[in-house]
Structure formats: C-alpha cells, structure tokens
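In what follows, a structure is listed as structure tokens, so that the remarks can point back to it.
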There are 2 protein chains.
Amino acid sequence: MTTIYDIAKKTGYSPTTVSKAFNNYSDVREKTRLDILRTAQEMGYVPNAHARTLTTKKSWTIGILFVESTGVGIRHPFFSAVIESFKQVAVAKGYDLMFISKDVGGKQSGYLENCRTRGVDGVVVFLSDYTDPYFQELLNSDIPTVIMDFETTQSHTVCSDNSAGALQAMEYLVSLGHRRIAHISGGMNTFPGRRRQLGYEKALDQWDLERQESYIVTGEFYTLESGYEAMKQLLELPERPTAVFASGDLLALGAIMAVKDSGLTVPGDISVMGYDDVDLARYVSPALTTVRQDTALLGSRAAEVLFDTINGSEKGLEALVLPTQVIVRDSCAPPAVTGR
Amino acid sequence: MTTIYDIAKKTGYSPTTVSKAFNNYSDVREKTRLDILRTAQEMGYVPNAHARTLTTKKSWTIGILFVESTGVGIRHPFFSAVIESFKQVAVAKGYDLMFISKDVGGKQSGYLENCRTRGVDGVVVFLSDYTDPYFQELLNSDIPTVIMDFETTQSHTVCSDNSAGALQAMEYLVSLGHRRIAHISGGMNTFPGRRRQLGYEKALDQWDLERQESYIVTGEFYTLESGYEAMKQLLELPERPTAVFASGDLLALGAIMAVKDSGLTVPGDISVMGYDDVDLARYVSPALTTVRQDTALLGSRAAEVLFDTINGSEKGLEALVLPTQVIVRDSCAPPAVTGR
DNA sequence: CAGTGAACAGAAAGGGCTTTCATTCTCTAA
DNA sequence: TTAGAGAATGAAAGCCCTTTCTGTTCACTG
C-alpha cells in the first residue's frame, strides 16, 4: 500500500508537502503539486480514509438507520425510494452511505454506540417504532440527524403531510358524491397511521359526513392480508360504506380483494382509495386511486437539511412537511344509486 | 470523546492493558478486565473504528457495488431482496454495509479506488453492465468480491440458474399444450437476459417447437413499456404465438396489457409467463405465472461465500448456481383450440 | 543596503488503537 | 532458600494522515 511517505521519498519532498499537495494548500508551488500528483498516480496511491478520519474527525459517511418490524427491510418501497434520492444528493456532496445496525461486532449495543464507533457525520432515520429506547438515546445525542415520517422537536424531520393527504383523499371521495366513507387505518402506533386517521376524522367534520365507530377498522402492519380482513368487517356492517379510504396501498389492495371475493365490484359497488402510490398501484386492476408522496423530494430535502446541519449552518431545527397529491385511477367512482 | 488513555489513567493500568482487556487477551487477570470494562462503561467509552482499522487493516465493512442504467437504484426489487438477505448474514457476522460509488469526495475515480480508500474487507457486486472498465479494474484487484447474476472465472459468483429457469418455464408451457411459444427477451447485453434466451432456445430444440426468427423480440431495460411494445409486434405476426415467455415480470405485465388492449384475453387467447416473481406478480390480474428466483438464498449464500474468502478459506473460486421454481398462477392456460 | 513580506517547504506533534517484546511479580519445586 | 516457570503488566513503535508552527529563500522597497 502506497502512502504519502512513499511519495515523499520518491519525489524528494516531505510528507507534509505531499499532503498539502493533495489538499490544495496554497503554499505548494504548482509545479511541485503536479509533480507530486503525477508520482502519486504512477505509484497507484490511494488515500486512506481511516487515517484521514482519525485526524480530521470527519468520516464523509452518513448512517442509515432503518428498522421496521415486518421483516421486509430494504425492500420496503417507501424506504428504498426515499433513500435512493437521498443517496444521490449525498454522493454528489462526497458522502457515502452506511447501514447502521443495533449490534456492532456481534455485541449487543445500540444505534448511538454504533454511530460513534463508526464515526458517521450524520444519520438519516426511518423507524416504525419511535419509542425504541436506543433511538431515544441517539436523539438525545449531538449527532446530526434527520428523521423521516415523524415529527419531534428534538431533531430535523421531513415527512409528507399525512393529515392533509388524507384530507385530500377524502375530498376526492366526497367530490364523487360519497357520504358513507370508512377508513382502514394503519393503526395508531405508527406516526403516519395516526396522522392519516386524523385527516380522515377531520374530513368527517369538515364535510359533515356520517360518523360511525365501526367505520374505522385497523389493519396491522399495512399488509394486504390485514386490509382484506378489515374490509371483510366493513362489508358485514348493516350500513355498508360506499367508499373506503385505506391508510396504505397494500391495505387498499387487500380491501379490493375482499370486495371482489364477496361478489361485489370495485368501483361499481364500493370505491377504494389507497395511500402511497407504490409501484404496483398502477399495474393492478382496477388501477388504484391513491395519494402519492413525493419520495424523491422527501429524500433530497432530507439530505439537504442534514448536510446543512453537518456543515454548521445555524438555521435551527427544520420540520419539513411536504405536500401530497391525489393520483386518480380506476378504483373510485361515484356511489351507486341504491334504493333509498 | 473517551479513549483508552482516559480509561488507563482512571484505572491506573496502562493503555496496553486496557486494549487487551477489550480484546479478551488471556494475559489480563479477570479482576483487572472487569475493573477496566466497568470503568469504560461508566466513562461512556466507545471504541474508534477508524483507529482500529488503521492498525489492524480490517474495517468490518462490506462494500455494495450496485449500478444500473435505468435509475431505479435501490428500488430495484431483485437487488433489494437479495441485499436484504445478504445484510442479515453480514450483520450477524459483525460487518456493516456501505454503498460504494464511483466518485469519492466529489472527484471522479473508480470503484476500486473508493474501495481501497474506504478499506472495505469485501465487495458484493450487482451490475447491469459488466463490461464497465471500472468494474474490470476491481475484478483484477485482490479485494474479495462476490458477483451476483453473472458468471466469470475471476471472482466468486452467485446466480440463479437462468437457463434452467427458462427451460422450466418453457416446459410448463409445453405441458399445457403450447407449441408456438414466443420470447420477449431482456436483450443480450445483460447476463441473465442472455441465459434466459439461451434456455428458451434450448427448449425449442428439446421439444422440437416451432422456431421462428420473429418469435424472439427484445424489450429493452426490462420495462413494462418495452414489454408492451414487444407484445404489439408479436400480435401482428401472421402466425401468432399461443404463449409468450417473457424474460422479466415487468415485460410480462406490459405484454399482458398489450394483449388486453388488442381485445384479446390472457390466458384465454394468449398465455403469458414472466420471470422473477416480483412482489406485484401476485397482485395483478390475472396473477402472473412466473419463475421465482430464491432471492433470500442468493443473498445468504453470497454472503457466506464472501466471508469465507475474507476469512482466508482456500476453497478456490465458487460459482454457485441456484435452482429456480415455476410459480403457477393465472396467466397461463392451455392454448385455445382454434380452427385447424 | 538593510529590511520586509510573500512564497515555499518541512519538522513535529498528534489522532486512538494494536501488538511485540521486555519486564516484573508470584508461585512452585528442588 | 532459590532457580525457574508462569502469570500479569507495560513501554514503545507503528498504522497513515493533517495541521500548526517554524524556517528558508528570494524579490523588492525605501
């Protein structure tokens, strides 16, 4: 492995000058610099990031903290979409991304410890369970963080406007003429789930819609299966809703299957609306009407906020809330005019 | 930041002993070790991975090299599924994962350079274009690598048996009674695409099926759109195929759309088979009959092979080829008995 | 011609950890 | 009692790089 000492020896300059040449110090003559750079090239020199980090305390590494309970991991479409766009900004600024795990070197520890050990310059956080004590520990630390899909005053946060998104969805359904609209909630233990349900409830007030306890059913973990079960319940109601707003696309797909299985049609008998606009929403039949989150923007804005902090801008904590958009496809229609 | 020197000072032992205590050297008395560990805990000591790497030349980091042309990045379902399972093995063995980009610190360089700079212990490679000169450079280096979805004698490789998978697909179609089977190829410039097409052609021979130039159409980039276009072409053929084997699920979905748009049905008029079994294959209608790759196994086997190499097992190069499986759903049926 | 400042270069001290080798201490056996 | 064997500990060098501070040279200025 070639080091700056080897280059120093070969060129006759000191290691100091070699280092300076690489770091564009002004007190190195251009000719000297070129000489050193050329020799370095010839000798196949590659700088050692660890040695550099050791002295500069800067690792040019961002940690990705991503924990969710269902085991899909990276495959999670929302996560991967956001991270992809985050990554582009990061790479452009010279940072690389590293996954942070809870245990380091086989030993049970915590995120914070792993972050410190690895010396990351910042962390981007995706968590389904924000009550995780290890996460709290990280939050209380001085490591720059940006948290996705959550709100707290302890860190920068970036999320889309879940409540308003739900409201938009409801507005669309109302505009089609629906009055009996049910909600398949993602559950109150995830932040977006809570917010979307809140949006749903706001909508009930706002347009003075029928409010029934039984119109809110919870589908755990945003899975297709739980969406199916939730819809089954809704279908058995004496006063069946004419439309259903599901807190996630998979929930909506499950709901659609349940409707079909019970011999009814979507959107003929029941309209179903999703949330997220995952890839497959356009491919299913009927294509899913849903609320899209701007994942690309979420990722890039998060990156910008984080790098601003890392570079010491004193803007104070940012709580970005990004707008959503209703994507109209084929799973919603005006309610059937039934005997009344 | 607490260092071993701080602990040394506080406990009265030397830094050497402190270091040894952490690394379970046998020449540290148990009492001493416990004393040191407790003090470390109290002082909030966290080891510095960079310092350690600097001396040991081991970073406990695996680089992920993933480059593809279409811009989906991490969202790529095959990639993310494999990496997720790879990651689990890696974390269990104490390694963390880091994305390797082509340019390091804003400067254009190469994967190899970035790997060396970051001092990764190994690399797992996903590339759509294996002729990339930067990749060749890495391949020729001495950094342990495992390459997914590719075969070469210069590195470990892990891929599923694309050719056999295609053969299985064809076998299934033949078993349904099809004789005029077309192929929507992913193109010859990706390794899996080539192999699958090879399997298709083998099948033609094996079952003595109708062989027509025009039965092979290429859908670039495995996109839905190109699948659609490819199918359009096939539909215009004077002697229309009764079944189509597509090299990827999105191609197949596009094909199905084209069939529907032309007023025909799947599988009534034409059977369509995919490859990959992406998540959405089960959700579309008709649910897609396809060939599944065992992504979990691909990832974990790749990890094992790589860690074996890193830990110096001298097993020689491995070229793992994993079996595939036909997943029967609703997009294939026996050919319609047309006027003959 | 002394004095000044710019331009260029290098010595040396770290940064936090590991590892080799030497040293000290404590027993045991003769 | 003492040589010798372990057991326990530590000194010091090294990993590769950055940065501060000092030193030298040289071209000018007044």
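Proteins get letters first, then strands, A, B, ... in listed order; numbering begins at 1 in each. Because only heavy atoms are used, hydrogens play no part in the values below, and waters and symmetry mates are left out as well, while side chains stay in. None of these values were measured; they are calculated from a predicted model.
Here the P atom of nucleotide D:dC16 and the CZ atom of B:Arg118 are 18 Å apart, to the nearest Å. Across the protein-nucleic acid pair, A:Leu54 atom CG and C:dT18 atom P stand 12 Å apart, rounded to whole Å. The distance from atom CZ of B:Arg52 to atom C1' of C:dT19 is 13 Å, rounded to the nearest whole Å. Rounded to an integer number of Å, the gap from A:Ile4 CD1 to C:dG15 C1' is 14 Å. Rounded to a whole Å, the NZ atom of A:Lys31 is 8 Å from the P atom of C:dA9. For A:Ile7 and C:dG10, the CD1 to C1' distance is 16 Å, given to the nearest whole Å. Between the OH atom of A:Tyr45 and the P atom of D:dC16 there is a distance of 10 Å, rounded to whole Å. Straight-line distance from the CG atom of B:Asn48 to the C1' atom of C:dG15: 8 Å, rounded to whole Å.
Residues forming a side-chain contact (heavy atoms from CB on, under 4.5 Å) with A:Thr32 (at least two apart in sequence, or on another chain): A:Tyr13, A:Thr17, A:Val28, A:Arg29, A:Ile36.
A:Lys9 NZ: 12 or fewer foreign heavy atoms inside a 6.0 Å radius.
Taking five base pairs at each end of the helix from C:dC1-D:dG30 to C:dA30-D:dT1, the local helix axes there meet at an angle of 60°, rounded to 10°.
Under the 3.5 Å distance criterion, with hydrogens and angles disregarded, a donor-acceptor pair is assigned to the side chains of B:His156 and B:Thr309. Counted by atom type alone, B:Ser155 and B:Thr145 present one or more donor-acceptor pairs between their side chains at under 3.5 Å. Side-chain atoms of A:Asn162 and A:Arg194 form no donor-acceptor pair, as typed in the model, at a separation below 3.5 Å. For the residue pair B:Asp294 / B:Ser160, no side-chain donor-acceptor distance below 3.5 Å is found, with atom types taken as modelled.
When the side-chain nitrogen and oxygen atoms of B:Tyr25 are compared with OP1 and OP2 of C:dT19, one or more of them lie within a distance under 4.0 Å. Phosphate proximity of D:dT18 to A:Lys57: absent, as no side-chain N or O sits under 4.0 Å from OP1 or OP2. For A:Asn23 and D:dT18, the shortest distance from a side-chain N or O to OP1 or OP2 is below 4.0 Å.
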Side chain to side chain contact (heavy atoms under 4.5 Å, CB included) assessment of B:Ile147 paired with B:Tyr130: CA-CA 10 Å; B:Ile147 307 182; B:Tyr130 285 95; 3.4 Å; yes
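Listed by first and then second residue, the salt bridge (Lys or Arg N to Asp or Glu O under 4.0 Å) pairs that reach into residues 138-155 of chain B are B:Arg116-B:Asp142, sequence neighbours excluded. Counting only residues at least two apart or in different chains, salt bridge (Lys or Arg N to Asp or Glu O under 4.0 Å) contacts with residues 11-22 of chain B comprise B:Lys20-B:Asp27.
A centroid separation of 6.0 Å or more is found between the aromatic rings of B:Phe150 and B:Phe126.
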Could you go over nucleotides 8-10 of chain D and give all protein N or O partners under 3.5 Å, atom names and distances?
residue : atom : partner : partner atom : Å
D:dT9   : OP1  : B:Arg29 : NH2          : 2.9
D:dT9   : OP1  : B:Thr32 : OG1          : 3.0
D:dT9   : OP2  : B:Arg29 : N            : 3.1
D:dT9   : OP2  : B:Thr32 : OG1          : 3.0
D:dT9   : O4   : B:Asp27 : OD2          : 3.4
D:dG10  : OP2  : B:Ser14 : N            : 2.8
D:dG10  : OP2  : B:Ser14 : OG           : 3.3
D:dG10  : OP2  : B:Thr17 : OG1          : 2.9
D:dG10  : O6   : B:Lys20 : NZ           : 2.6

Pairs under 3.5 Å (N/O, protein and nucleotides 23-28 of chain C):
none

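Here the closest heavy-atom approach between residue B:Ile100 and residue B:Leu65 is recorded as O-CD1, 4.0 Å.
Between B:Tyr111 and B:Tyr134, the ring planes lie perpendicular to each other; the angle is over 60°, past the 30° to 60° tilted range.
Nucleic acid contact class of A:Ser19 (heavy atoms, under 4.0 Å, all strands): base.
The base of D:dC17 sits within donor-acceptor range of the side chain of A:Tyr5, with an N or O pair under 3.5 Å.
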